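Below is one structure, written out as structure tokens; comments come after it.
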Amino acid sequence: MEQKAKGMRKNIVQEQLGKDLREIKNLEKKNLIIAYEPVWAIGTGNYCQPEEALEMIKFIKEIFSLNFPNSDLKVLYGGSVDPQNIANYLKYPEIDGALVGGASIKINEFKKIINEVSRAVKTESAQK
């Protein structure tokens with residue numbers, strides 16, 4: 001939270017990605033999936049606002065595309081995902097999915113998340 005308050009989010013993510021990108025230079029770059037999960041949101045019940053997650057996911061994709069222009073990177077949002085907030089993340093096409101942590105071990109919560117995702121997908125399909 002302190003890093004977030006100081007406006008260091010992008011610097012921290014860029015530093016973390018820099019280390020990871022050096023390690024994967026020799027790996028197949030297609031079909032990679034990265035999860036953006038702010039450390040302050042993990043298991044806290046405090047989730048990142050969808051617009052903030054979108055901003056960071058776009059930033060991650062931008063950094064990655066500069067290093068691997070022909071890759072098809074998917075970026076998921078994780079961090080206190082629940083039935084009440086999942087649809088707000090998935091309404092943005094740049095957010096490729098969700099990493100569900102604690103709620104995935106509570107069967108009723110997980111079912112609600114699945115139902116919300118299904119409802120969001122149906123709504124999106126109907127709008128097209």
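If you're wondering where the values come from, they're calculated on a predicted model, not measured in any experiment.
Leu76 is not connected to Val117 by any chain of hydrophobic side-chain contacts under 4.5 Å among Ile, Leu, Val, Met, Phe, Trp and Tyr, and they are in different clusters. Note on Ile86 and Ile114: same hydrophobic cluster, where clusters join Ile, Leu, Val, Met, Phe, Trp and Tyr whose side-chain heavy atoms are under 4.5 Å apart, directly or indirectly. Grouping the Ile, Leu, Val, Met, Phe, Trp and Tyr side chains by contacts below 4.5 angstrom, directly or via other members, places Leu54 with Met56.
A donor-acceptor distance shorter than 3.5 angstrom exists from the side chain of Tyr77 to the backbone of Gly79, with no hydrogens or angles considered.
Minimum heavy-atom separation, Pro83 to Glu109: CD-OE1, 3.2 Å. Asp82 and Gln84 make their closest contact through OD1-N, 2.9 Å (heavy atoms, listed as atom of the first residue, atom of the second, distance).
Between Ile34 atom CD1 and Leu73 atom CG the span is 4.5 Å, to the nearest 0.5 Å. Atom CD1 of Ile107 and atom NZ of Lys111 lie 5.5 Å apart (nearest 0.5 Å).
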Please tabulate, one pair per line, all N/O donor-acceptor pairs under 3.5 Å involving side-chain atoms of residues 89-106, not counting sequence neighbours.
unit_1: Tyr89; atom_1: OH; unit_2: Cys48; atom_2: O; d: 2.3
unit_1: Tyr92; atom_1: OH; unit_2: Glu51; atom_2: OE2; d: 3.1
unit_1: Asp96; atom_1: OD2; unit_2: Lys61; atom_2: NZ; d: 2.8
unit_1: Asp96; atom_1: OD2; unit_2: Val75; atom_2: N; d: 2.8
unit_1: Ser104; atom_1: OG; unit_2: Gly101; atom_2: O; d: 2.6

